[in-house]
Amino acid sequence: LAIVLLCTIIQNLFGVGILVFGTPILLGLGYDYLQVLGVLCPASLAVSMVQILTIKDAKVPEKKMLLQSGMGVIIGVGLLSVFVVPTFIYAVTAVTMFLAGALRLNKSFQKKVHGFLTMPKLYFYFANGVFHGFSNLGGILLVLKHNLDAAHKNQSLMHTACVYLVYVVLQIFVLCLSGNADLFLHGLLISPFVVLFSVVFGRKPLASFSQKHMDLALGVFFVSAGAVLSYKIAH
């Protein structure tokens, strides 16, 4: 609960957090990957709903964006059912953590990756949906694209929250269809606390930090998480 509430603060500030931060932390603590999904997905769904209902001066994104995201995440969750091997999941998460750290600590690399993500033929929302459905970490690239694309911060947050809502709803739906509905019991019990925490605190706790300091702190966290997971793979 403490980990999820901490990640809730981060999600209110950036649009993502519960899955992007909660996944490597819980994996590092030894939780099974499906257990991680069961705990985090309902909480992330709850925060995304709060954000969509409370973000002001922002429009819901185009249906095409949400449709591509939905199609991608369904395929990604399907792949997960085939490749849900602990060592493989650790490896994917560790590599993603190092990538996320580099994106926060190196602005030149960040701009190059953003340029790649905006290529028309990439079909970013579909590809990122596949990645998210498999890894639970699609928020890393989603935030990068939306934050650099949108001049209006609230609009960026709205786009991210709406896509995240699609991600999580379909993750839960597909996993329930595959006979894993019981996984989400703990996540459902935590969700009311997450909603209350999100409504009361919102973006206030971290709002006083400068972007430079936030990037440094996040970069160090991602690299550290990647190192911990790499250690677990090696041992």
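The shortest non-hydrogen separation linking Asn128 to Gly138 is ND2-O, 2.9 Å.
Under the side-chain hydrogen bond (donor to acceptor under 3.5 Å, both in side chains) criterion, the residue pairs touching residues 177-196 are Ser178-Asn180, with sequence neighbours excluded. Sorted by first and then second residue, the side-chain hydrogen bond (donor to acceptor under 3.5 Å, both in side chains) pairs with a member in residues 58-73 form an empty list; sequence neighbours excluded.
The line from CG of Leu79 to OG of Ser135 is 11.0 Å long, rounded to the nearest 0.5 Å. Note that CD1 of Ile52 and OG1 of Thr160 are 10.5 Å apart. Values are rounded to the nearest 0.5 Å. For the atom pair CZ of Phe222 and CD1 of Ile140, the computed distance is 5.0 Å after rounding to the nearest 0.5 Å. Note that CD1 of Ile75 and CZ of Phe126 are 3.5 Å apart. Values are rounded to the nearest 0.5 Å. Rounding to the nearest 0.5 Å places CG of Leu141 at 6.0 Å from CG of Leu99. The CD1 atom of Ile25 lies 7.5 Å from the CG atom of Leu29; values are rounded to the nearest 0.5 Å.
When hydrophobic clusters are built by joining Ile, Leu, Val, Met, Phe, Trp and Tyr residues whose side-chain heavy atoms come closer than 4.5 Å, directly or via intermediates, Val95 is not grouped with Leu137.
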*Carefully, step by step, assess Leu105 and Leu216 under the rule side chain to side chain contact (heavy atoms under 4.5 Å, CB included).*
CA-CA 6 Å; Leu105 298 173; Leu216 178 60; 4.0 Å; yes

*In sequence, state the C-alpha distance, the side-chain angles, and the governing distance for Leu142 and Tyr125, and then conclude on side chain to side chain contact (heavy atoms under 4.5 Å, CB included).*
CA-CA 8 Å; Leu142 191 66; Tyr125 291 101; 3.9 Å; yes

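Here the side chains of Gln51 and Val47 are in contact, with some heavy-atom distance below 4.5 Å. Between Leu27 and Met97 the shortest side-chain heavy-atom distance does not fall below 4.5 Å. No side-chain heavy atom of Ile190 sits less than 4.5 Å from a side-chain heavy atom of Pro42. Between Val77 and Phe134, every side-chain heavy-atom pair lies at or beyond the 4.5 Å cut-off. Contact check for Phe98 versus Ser230: side-chain heavy atoms found under the 4.5 Å cut-off. Leu80 is not listed as a side-chain neighbour of Gln171, based on a closest heavy-atom distance of 4.5 Å or more. Using a 4.5 Å heavy-atom threshold, the side chains of Ile18 and Val194 count as touching. Side-chain contact between Phe197 and Leu1 is absent, with no heavy atoms from C-beta onward closer than 4.5 Å.
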